Amino acid sequence: MATTASDVLVDTLIDWGVDTIFGIPGDGINGIIESLRQKKDQIRFVQVRHEEAAAFMACAYAKYTGRLGVCLATSGPGGIHLLNGLYDAKLDGQPVLAITGLQFHDLLHTYTQQDVELDKLFMDVCVYNSRIMGPTHVENVTELACRTALAYRGVAHITMPVDIQSQSVSSGKRSKRNLPSHVSDLMAESAHVPTEDQLARAAAILNEGRKIVVLAGRGALHARDEVIAIAERLGAPIAKPLLGKAVVPDEHPLTVGGTGLLGTRPAQDALEECDTLLIIGSSFPYIEYYPKPGQAKCVQIELDPKRISLRYPVDAALVGDSARVLQMLLPRLDYHQDRSFLDQGQEGMKEWRELMNERGTRTDMPMKPQVVAHELNKLLSDDAILSTDSGTITSWIARHVDIRGNMMFSCSGNLATMACGLPYANAAAVAYPGRQVVAFVGDGGLTMLCCELATAVKYNLDVKIVVIKNNTLGQIKWEQMVFLGNPEYVCELEPVDFATIARGFGLQAITIEDPQQCGAQLRQALSTPGPVLIEAVVDPHEPPMPPKVDVKQAAKFAQSLASGTPNASKIALTVASNTVREIV
């Protein structure tokens with residue numbers, strides 16, 4: 001039976017099905033840590049090395065399991081460190097509960113140690129945010145925090161002064177209106193269905209369309225069968241924003257691959273030529289890659305009403321769960337006999353795959369980064385869980401690693417933060433012991449949170465960390481050159497011996513430099529039990545070219561080379577020899 005305020009907190013979390021919390025202990029949460037110790041058989045505490053990683057892991061846990069992710073941090077700096085990972089959850093719509101400590105309630109606002117009002121600091125990131133006022137307040141607040149995070153798919157935050165954490169429940173004076181046991185852990189699900197009028201409107205638009213594209217994002221991850229059925233009925237190619245990569249297998253004949261800067265040329269061609277757009281569970285942020293406004297009629301399926309018409313003017317809005325809405329919509333749609341637009345996309349994908357295979361099988365030195373992704377793709381199991389980081393690294397996995405079977409994939413989508421790849425993989429290994437888990441990360445991102453190698457070792461997580469080492473902040477380098485026409489500046493990184501560092505943490509490690517040995521070395525590493533780091537040394541001058549390069553981009557790139565970019569001749573040679581088919 002609960003005896004302290006912290007006991008009530010932990011018991012309520014257990015009632016809500018929480019069995020894992022990520023975090024670091026601290027003197028501002030000692031009462032909560034003690035309650036977790038007492039209930040360690042019912043709820044596990046996964047100790048990380050940086051609170052930012054705890055928030056990333058909570059976000060990834062929510063993404064990969066669909067359950068509430070929970071992180072815990074001490075008062076002041078501990079709570080502050082959570083923010084980047086919490087914004088990752090906010091921008092990608094994931095249910096996460098953050099629990100933090102506060103200093104003694106009667107010393108707040110007196111410049112005491114770690115006197116940071118975290119509830120005020122977290123106001124922007126949260127859908128629910130509350131400060132515990134006493135032992136009798138805990139159950140109400142915790143219950144509502146869990147409920148709100150799950151219902152609104154966002155971040156909830158509870159903060160509790162350290163002295164209140166250890167207060168006995170019997171010492172708390174319950175107000176007369178706060179009746180005992182007036183809350184419950186029942187989670188109500190809404191119907192998630194659109195109106196009849198909007199269904200009829202959407203069906204009419206889709207039946208009239210002739211060049212239809214389906215844009216399937218993260219909100220459609222659970223609706224694979226329905227997305228495929230609707231695209232087959234409409235003769236529509238399926239384009240996938242990065243967070244929707246796992247909606248449909250990459251080799252499925254209906255898909256034309258990814259969208260945007262990391263996407264494929266056939267997907268971009270389809271979006272530029274379509275007359276009808278069906279957006280399913282996506283608020284893909286790059287407006288410039290959508291059809292021009294007015295070019296296409298648009299139907300959008302979206303669970304969150306405020307995201308309707310966020311990126312493209314909508315003609316029919318279907319608010320509801322993607323799978324349920326598609327099931328209601330499908331019987332209203334005509335089978336489209338004309339498959340020419342789909343055939344065009346399929347032909348484009350044949351050419352694109354040939355191009356990617358050519359890029360992925362290069363044997364010249366230094367090794368090309370896409371060679372590593374190409375070889376890794378051959379070795380992944382059909383239920384592998386993949387995470388990646390933000391940067392050029394994202395391009396290689398987006399284009400050269402295929403989703404198949406029950407594979408899962410994620411990254412920091414709308415926040416696009418660096419450093420998330422390793423914590424994401426660690427969380428996946430915690431959630432799914434026995435499945436193949438791979439982090440495909442860059443050297444810039446890994447150095448930010450390489451301390452989490454210790455977490456992988458501490459819990460003997462079966463994660464394989466592939467770090468692409470090019471000694472540069474590649475995405476920023478190419479943005480400076482291609483999009484701005486500026487010379488590359490302050491993007492070069494001091495080289496790091498990741499294999500040696502990994503061994504210092506207690507991992508096994510290998511270094512890959514020869515593209516002809518890459519596949520065999522990867523196979524050896526992936527078959528080794530426990531955490532393993534694979535350091536792949538690659539060409540720093542290999543560009544992650546957009547799916548289509550326009551004249552302005554080419555001109556700015558030439559300008560940057562002429563303006564003093566270091567290694568300009570090597571870069572020009574690499575671009576000329578490796579990407580000519582993408583430019584013309």
Side-chain angles (χ1 to χ4, degrees), residues 49-50 53 56 60 366-377 379-380 384-398 400-401 409-412 417-429 436-457 461-477 491-515 517-519 521-526 528 530-540 542 544:
R49 289 301 185 96
H50 195 294
F56 279 140
M367 183 169 61
K368 303 300 181 183
Q370 56 268 39
V371 170
V372 186
H374 179 85
E375 293 298 331
L376 176 65
N377 184 52
L379 301 171
L380 294 173
I385 305 174
L386 306 175
S387 69
T388 192
D389 228 312
S390 299
T392 55
I393 190 75
T394 326
S395 298
W396 314 131
I397 197 168
H400 292 273
V401 172
F409 165 83
S410 199
C411 63
S412 176
T417 179
M418 296 170 68
C420 67
L422 175 55
Y424 267 42
N426 283 345
Q436 186 184 52
V437 177
V438 178
F440 193 78
V441 299
D443 47 2
L446 183 60
T447 48
M448 288 183 174
L449 280 177
C450 65
C451 55
E452 295 310 314
L453 294 171
T455 303
V457 173
L461 301 176
D462 194 14
V463 295
K464 305 300 184 280
I465 303 108
V466 180
V467 54
I468 301 298
K469 178 180 172 180
N470 61 4
N471 302 321
T472 188
L473 295 172
Q475 191 69 30
I476 307 306
K477 166 182 173 177
C491 293
E492 298 307 304
L493 298 173
E494 183 68 18
V496 171
D497 186 342
F498 289 101
T500 297
I501 288 174
R503 294 186 188 104
F505 275 106
L507 286 84
Q508 297 191 59
I510 65 168
T511 299
I512 301 174
E513 297 183 87
D514 184 351
Q517 299 299 317
C518 181
Q521 288 183 278
L522 279 173
R523 183 178 293 105
Q524 175 188 349
L526 292 178
T528 302
V532 180
L533 182 136
I534 302 101
E535 178 186 54
V537 182
V538 303
D539 185 356
E542 180 70 8

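Quick caveat, the model's predicted, so the values are computed rather than measured.
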*asked:* According to side-chain hydrogen bond (donor to acceptor under 3.5 Å, both in side chains), who are the partners of Ser387, at least two apart in sequence or on a separate chain?
replied: none

*Mind running side chain to side chain contact (heavy atoms under 4.5 Å, CB included) on Val532 and Ile465 for me, showing each step along the way?*
CA-CA 6 Å; Val532 180; Ile465 303 108; over 6 Å; no

*How many angstroms lie between atom CD of Glu513 and atom SG of Cys518, to the nearest 0.5 angstrom?*
11.5 Å

*Does the Thr455 side chain pair with the main chain of Cys451, one donor and one acceptor, at a distance under 3.5 Å?*
no

_Spatial distance of atom CZ (Arg523) from atom CG (Leu379) [nearest 0.5 Å]_ = 5.0 Å

*Find the distance between OG1 (Thr511) and CG (Leu533) and round it off to the nearest 0.5 Å.*
8.0 Å

_Approximate separation, where rounding is to 0.5 Å, of Leu507 CG and Thr528 OG1_ = 11.5 Å

*Are side-chain heavy atoms of Asp514 and Met367 found at a separation under 4.5 Å?*
no

*Does Asn426 reach the main-chain N or O of Glu452 with its side chain, forming a donor-acceptor pair under 3.5 Å?*
yes

*Which atoms form the tightest heavy-atom contact between Cys420 and Pro423, and what is the distance?*
O-CD, 3.3 Å

*Kindly give the heavy-atom pair with the smallest separation between Val371 and Pro515, and that separation in Å.*
CG1-CB, 4.1 Å

*Return the minimal non-hydrogen interatomic distance between Pro366 and Val538, and the atom names on each side.*
CB-C, 4.4 Å

Under 3.5 Å, side-chain donor or acceptor atoms of residues 437-445 against the rest of the protein: list the pairs with distances, not counting sequence neighbours.
from   : atom 1 : to     : atom 2 : distance (Å)
Asp443 : OD2    : Asn470 : N      : 3.0
Asp443 : OD2    : Asn471 : N      : 2.6

*Indicate whether the side chain of Thr472 and that of Glu492 have a donor and an acceptor atom separated by less than 3.5 Å.*
yes

*Can you pull the salt bridge (Lys or Arg N to Asp or Glu O under 4.0 Å) pairs that have at least one residue in residues 465-474, sequence neighbours excluded?*
Lys469-Glu535

*Sequence neighbours excluded, which residues qualify as side-chain hydrogen bond (donor to acceptor under 3.5 Å, both in side chains) partners of Thr417?*
Asn84

*By side-chain hydrogen bond (donor to acceptor under 3.5 Å, both in side chains) - contacts of Ser390 (at least two apart)*: none

*side chain to side chain contact (heavy atoms under 4.5 Å, CB included) between Leu449 and Leu422: does it pass, once the steps are laid out?*
CA-CA 8 Å; Leu449 280 177; Leu422 175 55; 5.9 Å; no

*Which residues satisfy the side-chain hydrogen bond (donor to acceptor under 3.5 Å, both in side chains) test with Thr392, sequence neighbours excluded?*
none

_Ile510: partners by side chain to side chain contact (heavy atoms under 4.5 Å, CB included), with sequence neighbours left out_ = Ile512, Gln521, Ala525, Ile534

*Spacing of CG belonging to Leu526 relative to CG belonging to Asp462, to within rounding of 0.5 Å*: 9.5 Å

*Any chance you could measure Leu376, atom CG, to Lys464, atom NZ, to the nearest 0.5 Å?*
12.0 Å

Exercise answer: donor-acceptor pairs, residues 498-506 side-chain atoms, under 3.5 Å, sequence neighbours excluded:
from   : atom 1 : to     : atom 2 : distance (Å)
Thr500 : OG1    : Asp497 : OD1    : 3.2
Thr500 : OG1    : Asp497 : OD2    : 2.7
Arg503 : NH2    : Ala509 : O      : 3.0

*Which atoms form the tightest heavy-atom contact between Ala429 and Leu461, and what is the distance?*
CB-CB, 3.9 Å

*So Thr394 and Asp389, side chain to side chain contact (heavy atoms under 4.5 Å, CB included) or not? Walk me through it.*
CA-CA 6 Å; Thr394 326; Asp389 228 312; 5.8 Å; no

*asked:* Check this for me: does any side-chain nitrogen of one of Glu542 and Lys368 sit under 4.0 Å from a carboxylate oxygen of the other?
replied: yes

*Among all residues two or more places apart in sequence or in another chain, which pass the ring pair (Phe, Tyr, Trp, His ring centres under 6.0 Å) test with His400?*
none

*For Cys411, what residues pass the side chain to side chain contact (heavy atoms under 4.5 Å, CB included) criterion, not counting sequence neighbours?*
Leu242, Leu243, Thr388, Phe409

